[in-house]
Engineer: 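Attaching a single structure in C-alpha cells format; questions to follow.
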Amino acid sequence: MRIILASQSPRRRELLERMGIFAFEVIPARGEEVVHPGLAPARLVEELSRQKCDEVAAAHPEALVIAADTVVSIDGRILGKPRSPAAAAEMLCVLSGREHIVYSGLTVRCGGQAFTEHEATSVRFRTLSAGEIDRYVGTGEPMDKAGAYGIQGYGSVLVEGISGDYYNVVGLPVCRLARLLARFGVDPLALAAEKEQGT
C-alpha cells in the first residue's frame, strides 16, 4: 500500500519511522487553510488535519494519506507557530510556570474512507526567567513549533511534567495513529518485524 505523509515536519517523519513505517512519501499540503472562527481547539485541529488530508488525497486517491495539525491552548487562547522572535518570547512568557494543553488533530484517508480524531496532552512549564526565555529564543528552536517550544529538543529543559501522550506534544500522537491505521489493515509492528527480519 502506498502511504503518504501530508506534512513536511521532520519530527512527524521521524515518528512514523519509529512506529515501524519506513516506506512512505512526503507530500505536504500547499493549499490555504480555511478556519471557522470560534472553533474549540479540538475541533480546530481536527478540521485543519482534515483539510490537509483531503487536499493531498484528491491528487493521490489510491494512496493512504496521513495528515496532522498541532496547536497549544491556554486560557482559551490558541498558540500556533510564532511569526517572530518577539512573538515566541511572548508565548513563552504566557506559558511560564503554568499548565497548557497540546492538541493534535489526525486524519487518515484511503479511497472513500476517512477517519478524523484528536489527542490532548497537558504540559506544565516551570517558571522561566526573562534571561532563560531570551536564551531559548536565541537557539532558533521555537520558530517552527506550535507554542514556541520543542519538547524533544532544547525545550525539554522548560517542561516540568506532562499528563498524556508525549508524542502528541512532539506533533504526532502515534498510539492513536496506530489505531486509525489498523482500520485500514496497516500494522506498524508487523512492518517493523518484517524490516528487522529482512523479509
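Numbering starts at 1 and runs along the sequence shown.
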Engineer: Rounded to the nearest 0.5 Å, what's the gap from NE2 on His100 to CG on Leu79? Could you check?
Structural biologist: 8.5 Å
Engineer: Please find the pair of heavy atoms, one from Ala148 and one from Leu92, that lie closest to each other, and give the distance.
Structural biologist: O-CD2, 3.5 Å
Engineer: So, for Cys93 and Ile133, which heavy atoms are closest and what is the spacing to 0.1 Å?
Structural biologist: SG-CD1, 3.7 Å
Engineer: If only side-chain N and O atoms count, and only distance matters, is there a donor-acceptor pair under 3.5 Å linking Glu141 with Tyr149?
Structural biologist: no
Engineer: Side chains of Tyr166 and Thr121, heavy atoms from C-beta outward: is any pair under 4.5 Å?
Structural biologist: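 Of all side-chain heavy-atom pairs linking Thr121 with Tyr166, none is under 4.5 Å.
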Engineer: State plainly whether one hydrophobic cluster holds both Val102 and Leu39, where clusters connect Ile, Leu, Val, Met, Phe, Trp and Tyr through side-chain heavy atoms under 4.5 angstrom apart.
Structural biologist: no
Engineer: Is any side-chain heavy atom of Ile151 closer than 4.5 Å to one of Leu158?
Structural biologist: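 Counting from C-beta outward, Leu158 and Ile151 never come under 4.5 Å.
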Engineer: Scan for salt bridge (Lys or Arg N to Asp or Glu O under 4.0 Å) pairs involving residues 145-171, sequence neighbours excluded, and state none if there are none.
Structural biologist: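 Qualifying pairs: Arg124-Glu160.
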Engineer: If I take atom CD from residue Gln113 and atom CZ from residue Phe184, how far apart are they, to the nearest 0.5 angstrom?
Structural biologist: 5.0 Å
Engineer: Ignoring hydrogens, what is the shortest heavy-atom contact between Pro173 and Glu119? Give both atom names and the distance.
Structural biologist: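 Nearest heavy atoms, Pro173 then Glu119: CB-CB, 3.7 Å.
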Engineer: In plain terms, say whether Glu117 and Arg43 are close enough for a salt bridge, that is, a side-chain N and a carboxylate O under 4.0 Å apart.
Structural biologist: no
Engineer: How long is the gap from CD1 on Ile66 to CZ on Phe24, to the nearest 0.5 Å?
Structural biologist: 8.0 Å
Engineer: Can you list the steps and then say if Asp69 with Leu44 is a side-chain contact (heavy atoms from CB on, under 4.5 Å)?
Structural biologist: CA-CA 9 Å; Asp69 193 86; Leu44 172 67; 5.7 Å; no
Engineer: Using the six-membered ring wherever Trp is involved, compare the ring planes of Tyr103 and His118 and label them parallel, tilted or perpendicular (cut-offs 30° and 60°).
Structural biologist: tilted
Engineer: Is NZ or CZ of Arg183 both nearer than 6.0 Å to the six-membered ring centre of Phe115 and within 45° of the ring axis?
Structural biologist: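 Yes; both conditions hold, so Arg183 lies above the ring face of Phe115.
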Engineer: Tell me the closest heavy-atom pair linking Ala146 and Lys81, and the distance in Å.
Structural biologist: N-CG, 4.0 Å
Engineer: Ser96 side chain to Leu128 main-chain N or O, any donor-acceptor pair under 3.5 Å?
Structural biologist: yes
Engineer: Set out, in order, the CA-CA distance, both residues' side-chain angles and the distance that settles side-chain contact (heavy atoms from CB on, under 4.5 Å) for Val26 and Arg13, then state yes or no.
Structural biologist: CA-CA 8 Å; Val26 175; Arg13 291 199 296 268; 3.2 Å; yes
Engineer: Under 4.5 Å between side-chain heavy atoms, hopping through other hydrophobics if needed: is there a path connecting Met1 to Val65?
Structural biologist: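 Not linked; separate clusters.
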Engineer: Can you confirm whether the side chains of Arg12 and Ser104 place a donor and an acceptor under 3.5 Å from each other?
Structural biologist: no
Engineer: Would a single hydrophobic cluster contain both Leu16 and Val56, if residues Ile, Leu, Val, Met, Phe, Trp and Tyr are joined by side-chain heavy-atom contacts under 4.5 Å?
Structural biologist: no
Engineer: Verify, without hydrogens or angle tests, whether Ser84 (side chain) and Ala87 (backbone) share a donor-acceptor contact under 3.5 angstrom.
Structural biologist: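 Yes: the side chain of Ser84 pairs with the backbone of Ala87.
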Engineer: Would Glu47 and Lys52 pass as an ion pair if we require N to O under 4.0 Å?
Structural biologist: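 Lys52 and Glu47: not salt-bridged.
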Engineer: State, with a plain yes or no, whether a side-chain heavy atom of Cys175 is found less than 4.5 Å away from one of Tyr167.
Structural biologist: no
Engineer: Would you please name every residue forming a side chain to side chain contact (heavy atoms under 4.5 Å, CB included) with Thr116, sequence neighbours left out?
Structural biologist: Glu46, Ser49, Arg50, Thr107
Engineer: Hydrophobic cluster membership, with links at side-chain heavy-atom distances under 4.5 Å among I/L/V/M/F/W/Y: are Leu15 and Val108 in one?
Structural biologist: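 Same cluster.
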Engineer: Apply the test side-chain contact (heavy atoms from CB on, under 4.5 Å) to residues Ile74 and Arg98: give CA-CA distance (whole Å), side-chain angles for both, the deciding distance (0.1 Å), then the verdict.
Structural biologist: CA-CA 9 Å; Ile74 187 168; Arg98 304 185 60 204; 3.6 Å; yes
Engineer: Under a 4.0 Å threshold between the charged nitrogen and the carboxylate oxygen, would Arg30 count as salt-bridged to Glu55?
Structural biologist: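 Judged by the 4.0 Å cut-off on N to carboxylate O distance, Glu55 and Arg30 do not form a salt bridge.
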Engineer: Would you mind reporting whether Leu177 and Leu172 have side-chain heavy atoms less than 4.5 Å apart?
Structural biologist: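 Yes; the side chains approach each other to less than 4.5 Å.
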Engineer: Quick one: pull up SG in Cys110 and CD in Glu62 and give me the separation to the nearest 0.5 Å.
Structural biologist: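 Cys110 SG to Glu62 CD: 8.5 Å, rounded to 0.5 Å.
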Engineer: With side chains defined as the heavy atoms from C-beta onward, is the minimum distance between Arg126 and Val159 less than 4.5 Å?
Structural biologist: no
Engineer: Under 4.5 Å between any side-chain heavy atoms of Leu180 and Val186, yes or no?
Structural biologist: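 Side-chain contact under 4.5 Å: no.
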Engineer: Taking the side chain as every heavy atom from C-beta outward, state whether Arg77 and Val94 have any pair of such atoms under 4.5 Å apart.
Structural biologist: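 Side chain of Arg77 against side chain of Val94, heavy atoms only: contact under 4.5 Å found.
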Engineer: Under 6.0 Å from the OH atom of Tyr154, do we count more than 12 heavy atoms belonging to anything else shown?
Structural biologist: no
Engineer: Flag yes if Ile162 and Ile101 sit in one hydrophobic cluster, no otherwise; membership is Ile, Leu, Val, Met, Phe, Trp, Tyr, and two members link when side-chain heavy atoms are under 4.5 Å apart.
Structural biologist: no
Engineer: Can you give me the closest heavy-atom contact between Asn168 and Thr70, atom names plus distance?
Structural biologist: O-CG2, 4.4 Å
Engineer: Quick one: CD on Glu25 to CG on Leu5, what's the gap to the nearest 0.5 Å?
Structural biologist: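 CG of Leu5 is found 10.5 Å from CD of Glu25.
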Engineer: To the nearest 0.5 Å, what is the distance between CD1 (Ile4) and CD1 (Ile27)?
Structural biologist: 4.0 Å
Engineer: State, to 0.1 Å, how close Gly147 and Leu95 come at their nearest heavy-atom pair, and which atoms those are.
Structural biologist: O-CD1, 3.5 Å
Engineer: With heavy-atom distances below 4.5 Å as the criterion, would you say the side chains of Arg109 and Asp54 are in contact?
Structural biologist: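 Yes; the side chains approach each other to less than 4.5 Å.
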